[in-house]
Amino acid sequence: MSEQIENENMVLLSASYDGIEKKACLKFYDEKTNTIKLWYDSSEHKPYCLVKKDTDEKLLETFKNEDKIIIEETKKIDLLNDKEENMLKIIADNPLIIGGMPGRSIRDRVVAWEADIKYYETYMYDKSLIPGIYYKIKDNQIIPSKFTTPKETNDMLQKGIENADDDIKEKINEWAELLSQPLPSIKRVALDIEVQSDKMDRFPDAGEARYQIISVGFAASDNLKQVIILRRNGIELGTNELEKDIDVIFVDDEKTLLENVFKIIRNYPCIITYNGDDFDLKYIYNRAIKAGIKKEDIPIQLGRIEANLKHGIHLDLYRTFLNRSIQIYAFGNKYSEHSLNAVSKAILNKSKIEFTGEIGQQTYYHLARYNFNDAEITLELTSFDGDLLMKLLLVISRITKMPINDLSRIGVSNWIRSMVYFEHRKINALIPRKDELAIDDDELKEMSSEAVIEGKQYQGGMVLEPKIGVYFGVSALDFASLYPSIIKVNNLSYETVRCKHKEHRENLIKGSKHWICDKRRGIISLLVGSLRDIRVNYYKPLPKMEGLSSDEKNLYSVVSQALKVILNASYGVLGAPIFPLFFLPVADSTAAIGRNIITETVEAARNNNIEVLYGDTDSLFIKSIDQNEIDNLISWSQKNQGVDLELEAKYRYAVFSERKKNYIVVKNDGQVIIKGLTGKKSHIPLFVREAFYEAIERLGEAETEKDFEKVKTEIRNIARESNKLLKEDKVPIEKLAFRMMLSKSTKMYKTTIPQHVRAARLLEEHNREKGDIEVMKPGDIISFVKTIGGVKPLELAKIREIDKKKYEEIMKSTFDQLLGPLGYSFDDILGVTRLEDLFWSSKTEN
DNA sequence: ATCTGTGGCCACCAGC
DNA sequence: GCTGGTGGCCAC
């Protein structure tokens with residue numbers, strides 16, 4: 001049922017294989033009509049393999065030695081229709097199979113075909129389709145839409161990359177064309193359901209779907225705000241505290257409720273949920289089947305890992321926010337727990353609505369308010385900051401060649417895999433299998449650097465010994481995208497590091513046993529290098545350019561963020577055994593060159609009489625704010641190392657202790673930046689953290705060295721005040737709670753039982769006695785307090801059980817990290833306080 | 001089924 | 001009481 005669509009600009013969202021139609025099904029988003037256009041491609045596309053007469057060994061040899069492997073078409077195997085024995089015969093006659101899913105051997109291809117899941121990869125490659133960009137369909141042909149970049153920005157790009165190598169330059173221009181396309185705003189609806197479960201079963205199984213759905217909330221980008229409520233016996237209406245524009249619809253039976261839900265879903269090309277894969281959509285589907293609704297009338301399609309829409313796409317934000325790259329690089333590690341409440345609190349500063357008792361016993365209006373609120377914050381997670389998340393996904397989709405519904409559910413190693421494989425196919429290069437890149441364990445150990453931390457695979461970044469003290473007039477310098485720069489400049493890639501050419505074995509990397517090919521550009525080096533250059537020289541400075549519209553600025557900063565995510569991951573995956581192109585020598589070489597670069601730069605600084613105070617991996621702190629000295633160092637580095645050293649900031653003063661990764665810097669405007677100190681860590685009690693931050697603020701007030709006396713007095717007052725509150729039991733117990741994440745379920749801790757696990761077990765036991773069998777899961781956060789003789793979960797502890805001495809110790813160690821480098825100690829400061837305290841408490845006792 | 005890396009500090013556990 | 005090892009959080 002191929003639909004004729006003409007002359008429209010549509011964004012390609014996803015591609016899948018329709019097993020019934022035996023056709024490719026493409027989903028395009030049409031911005032004009034706000035709908036998904038389904039496109040069944042009736043042109044022939046069969047999964048096939050090209051066969052080339054050769055042997056594996058011979059080809060591998062060639063692969064390492066030649067500039068490029070060109071695949072020649074000699075014979076096709078039709079994987080879908082050929083009989084297996086026939087295929088095997090062809091394979092026997094032609095031992096090497098390349099192509100079909102180009103680059104992969106027939107074994108991989110057959111496996112991929114059977115799994116059905118990689119279909120879009122081969123289809124999209126064959127048709128030269130890239131998800132996330134605009135197309136027209138005309139005369140049954142899919143034609144990419146053309147967008148031209150504004151002249152000013154293009155000029156800036158060309159100027160920024162004029163010194164790049166030709167191959168990199170070409171690639172950068174290709175990226176620029178792809179990434180400067182406008183970003184569509186996708187019409188979407190967020191959905192959340194509530195289920196009539198009882199207390200004993202707080203997380204009902206969606207496969208079983210035992211309880212009826214009592215409420216479904218909707219919040220959409222076109223301002224639809226609706227809750228559908230199931231009428232039940234004995235439930236009161238309650239008071240209507242909902243905003244006026246929220247529709248509450250009552251229905252009498254679940255089937256009608258579900259039909260209403262489906263009617264709404266069908267109006268939207270994109271549906272957003274929080275944990276919809278595992279719960280909401282699965283639950284709805286199974287209840288619909290139970291209610292006797294026919295499969296073909298349900299717009300939901302359940303996959304193995306993903307619940308999808310027949311007419312559109314579904315994004316499960318739970319899976320997206322679980323992604324570590326998204327968490328750290330896109331959202332700056334703002335959230336640490338992955339519940340809807342925790343994420344929305346951290347990002348939107350909005351919470352779920354609280355209620356007591358069971359959800360099934362709430363009044364209708366309270367249920368509606370609770371349910372709608374969940375749907376609304378779910379939607380808002382995609383719409384805050386000008387649809388940031390949606391746009392980020394679309395840009396990542398363009399870079400990695402993956403549909404957003406896929407990439408939003410999987411980890412970054414798979415993004416990079418998709419991006420790198422696409423590039424292989426594009427140049428008709430063979431994609432090596434894992435076993436072809438594998439190195440024998442003993443051999444690998446022999447050739448790799450020794451890690452500083454036992455149990456790690458190789459040595460990483462270098463951390464300089466800090467020079468203890470307070471320094472006024474300090475500059476922070478760092479290398480822009482150091483590891484990607486190294487990969488670019490040194491031509492690092494799995495096929496160029498330790499290449500097969502005898503003559504290159506002399507090109508040893510200093511401090512390592514690896515050598516680098518200088519005959520051809522490595523594929524990883526080209527990809528990572530071009531992405532690095534376009535970010536540093538174009539997308540990063542672009543938003544500052546004058547005369548840009550806010551849409552343009554927004555696009556550029558989103559692209560910059562997406563590139564940051566990809567670049568940060570691309571080095572890491574090469575050292576990750578799970579990555580299909582894992583090749584440790586590349587990661588090892590990258591880090592080794594990084595250590596060389598920072599060492600040489602420190603040396604160069606010394607030669608120029610610049611004192612280096614501290615440095616970590618790609619950053620240096622120098623005791624100078626002289627622009628000339630800084631510029632000299634920067635140009636030295638550019639000239640001798642080919643990497644971009646940049647001035648990050650000049651600081652009024654900096655404080656270093658003997659501890660690495662622990663320091664304080666103060667900007668000229670008084671803003672204080674703390675790194676690594678215990679006082680800022682998220683697991684310590686709020687009571688300690690608040691006092692710590694108050695003290696930190698005082699540091700911002702110090703303009704010169706002699707101001708520290710005053711600061712000291714003020715910090716003393718803060719410490720004294722806090723201690724007093726603690727002694728008088730005036731600190732609310734919640735503020736005394738440690739909060740720590742469980743990385744395993746409590747039963748899985750075997751070697752030692754840490755305190756937070758003890759607390760978690762106590763809590764589980766307590767709940768079990770109440771009849772609640774729910775246990776704590778990996779990723780859950782346990783709040784506990786230190787009591788005399790041990791720990792207790794926050795919920796079960798009384799204020800009088802608190803071990804005040806322990807908390808005083810924590811205050812001491814936290815404050816000492818701050819005071820030590822300033823030449824004071826907590827005991828000095830509190831020594832004064834203690835006398836007063838004594839005086840004070842004896843007075844009250846009397 | 002899913003999973004990017006190493007270096008460093010702190011508090012605590014468990015065994016001696 | 002000392003000490004090596006574990007687990008969590010952070011810097012890059």
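The sequence lines fix the lettering, A, B, ..., with proteins before strands; numbering per chain opens at 1. Since the model is a prediction, treat every value here as computed from it, not as a measurement.
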For this session: Map Met748(A) and Ser682(A) onto DNA chain C by nearest heavy atom, then report which one ends up closer to the 5' terminus.
Result: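 The 5'-side residue here is Met748(A).
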
For this session: Please determine which of Tyr471(A), Tyr663(A), Tyr653(A) meets the ring pair (Phe, Tyr, Trp, His ring centres under 6.0 Å) test together with Phe621(A).
Result: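 Output: one option passes, namely Tyr663(A).
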
Over all strands shown, is [X] touching base, sugar-phosphate only, or nothing at heavy-atom distances under 4.0 angstrom?
X: Asn333(A); answer: nothing
X: Lys750(A); answer: nothing
X: Lys675(A); answer: sugar-phosphate

For this session: Kindly state each residue pair satisfying side chain to side chain donor-acceptor pair (under 3.5 Å) with at least one member in residues 476-488 of chain A, sequence neighbours excluded.
Result: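 Pairs touching residues 476-488 of chain A that pass the test: Ser485(A)-Arg532(A), Lys488(A)-Asp533(A).
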
Send over the distance from [X] [atom1] to [N] [atom2], rounded to a whole Å.
X: Tyr663(A); N: dC9(B); atom1: OH; atom2: P; value: 14 Å
X: Met462(A); N: dG7(B); atom1: CE; atom2: C1'; value: 12 Å
X: Arg758(A); N: dG8(C); atom1: CZ; atom2: C1'; value: 16 Å

Exercise. Looking at residues at least two apart in the chain, or sitting in another chain, which of them share a salt bridge (Lys or Arg N to Asp or Glu O under 4.0 Å) with Glu454(A)?
Worked result: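 Scan of Glu454(A) (salt bridge (Lys or Arg N to Asp or Glu O under 4.0 Å), adjacent residues dropped) gives none.
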
Exercise. Asp618(A) side chain: which of dC12(C), dT4(B), dA14(B) is closest?
Worked result: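 Closest of the options to the side chain of Asp618(A): dC12(C).
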
Exercise. If you check every side-chain atom of Ile305(A), which of dG8(B), dT4(B), dT2(B) has the closest atom?
Worked result: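 That would be dT2(B).
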
Exercise. Knowing that exactly one of Val412(A), Thr400(A), Leu527(A), Val395(A) qualifies, which makes a side-chain contact (heavy atoms from CB on, under 4.5 Å) with Ile566(A)?
Worked result: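 When side-chain contact (heavy atoms from CB on, under 4.5 Å) is applied between Ile566(A) and each of Val412(A), Thr400(A), Leu527(A), Val395(A), only Thr400(A) qualifies.
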
